[in-house]
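Heavy atoms only: backbone and side chains are in, while hydrogens, waters and symmetry mates are out.
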Amino acid sequence: QVQLVESGGGLVQAGGSLRLSCAASGRTFSSYAMAWFRQSPGKEREYVAAISWSGGRTYYADSVKGRFTISRDNAKNTVSLQMNSLKPDDTALYYCAANSKGGGLPQFYEYPYWGQGTQVTVSS
């Protein structure tokens with residue numbers, strides 16, 4: 001089992017950048033594929049990006065490709081999301097998630113482990 005805690009959210013102007021971090025507990029972090037999802041009020045939870053257990057493969061939703069970068073540090077039990085060129089449409093509660101099946105899964109129900117979320121607000 002793994003426990004996840006996100007940080008790094010905040011208020012930023014359009015065009016700006018933020019870096020989200022997710023700290024994981026447990027000694028088996030490197031055996032989990034990780035992902036970031038986001039959810040806005042009234043909308044379904046949306047897949048953003050994912051990374052394989054080794055970090056060798058990354059996956060992105062079309063809406064963030066070229067602007068966001070996911071990475072992980074298995075020695076520090078962390079996964080990060082660097083978000084550049086932010087847009088008001090990126091405003092959402094961002095969640096870190098883990099699964100033991102494999103990387104790149106875009107469906108939220110494939111992830112049994114979730115953090116509490118960190119709010120990102122992009123002003124126009």
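Looking at heavy atoms from C-beta onward, R45 lies in side-chain contact with Y95 at the 4.5 angstrom threshold. Contact annotation: the side chain of V122 never approaches that of Q13 to less than 4.5 Å [non-hydrogen atoms, C-beta and beyond]. Between Y32 and N99 there is no side-chain heavy-atom pair separated by less than 4.5 Å. Using a 4.5 Å heavy-atom threshold, the side chains of L4 and M34 count as touching. C96 places a side-chain heavy atom less than 4.5 Å from the side chain of V79. A 4.5 Å side-chain heavy-atom check between V2 and T28 finds every atom pair outside the cut-off. With contacts defined as side-chain heavy-atom distances shorter than 4.5 Å, the pair F37/Y111 qualifies. You'll find the side chain of Y60 reaches within 4.5 Å of the side chain of I70, heavy atoms only.
For the atom pair L18 CG and N84 CG, the distance stands at 9.5 Å (nearest 0.5 Å). To the nearest 0.5 Å, the span separating CG on L93 from CD on Q119 amounts to 5.5 Å. Note that OG of S21 and CZ of R72 are 13.5 Å apart. Values are rounded to the nearest 0.5 Å. Interatomic distance, S30 OG to W53 CH2, rounded to the nearest 0.5 Å: 7.0 Å. The distance from atom CG of D90 to atom OG1 of T121, rounded to the nearest 0.5 Å, is 11.0 Å. Taken to the nearest 0.5 Å, the NZ atom of K87 stands 14.0 Å off from the OG atom of S124.
Applying side chain to side chain donor-acceptor pair (under 3.5 Å) to Y94 and the options E46, Q39, R38 leaves one that passes, R38. With F29 as the fixed residue, the side chain to side chain contact (heavy atoms under 4.5 Å, CB included) test singles out one of N74, D73, T78: N74.
Across every non-hydrogen atom of S40 and T91, the tightest pair is OG-O, 2.9 Å. Between P112 and A98 the shortest heavy-atom distance is CD-O, 3.2 Å.
In this structure, Y59 places its OH atom where more than 12 heavy-atom neighbours from other residues, nucleotides or ligands lie under 6.0 Å away. Residue Q116 qualifies as enclosed at atom CD: its count of foreign heavy atoms under 6.0 Å is above 12.
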Show the numbers, then the answer: is there a side chain to side chain contact (heavy atoms under 4.5 Å, CB included) between K101 and E110?
CA-CA 8 Å; K101 294 183 179 181; E110 297 283 7; 2.6 Å; yes

Is there a side chain to side chain contact (heavy atoms under 4.5 Å, CB included) between S17 and Q82? Walk through the geometry before answering.
CA-CA 8 Å; S17 298; Q82 177 66 41; 4.0 Å; yes

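Under the 4.5 Å side-chain heavy-atom criterion for grouping Ile, Leu, Val, Met, Phe, Trp and Tyr, F68 is not connected to Y47 through any hydrophobic cluster. If you chain together hydrophobic residues whose side chains sit under 4.5 Å apart, L81 and I51 fall into the same group. Connection of F108 to V120 is not established within any shared hydrophobic cluster, with ILVMFWY side chains joined at heavy-atom distances below 4.5 Å, either directly or through further cluster members.
Sorted by first and then second residue, the salt bridge (charged side-chain N to carboxylate O under 4.0 Å, His left out) pairs with a member in residues 47-64 read D62-K65; sequence neighbours excluded.
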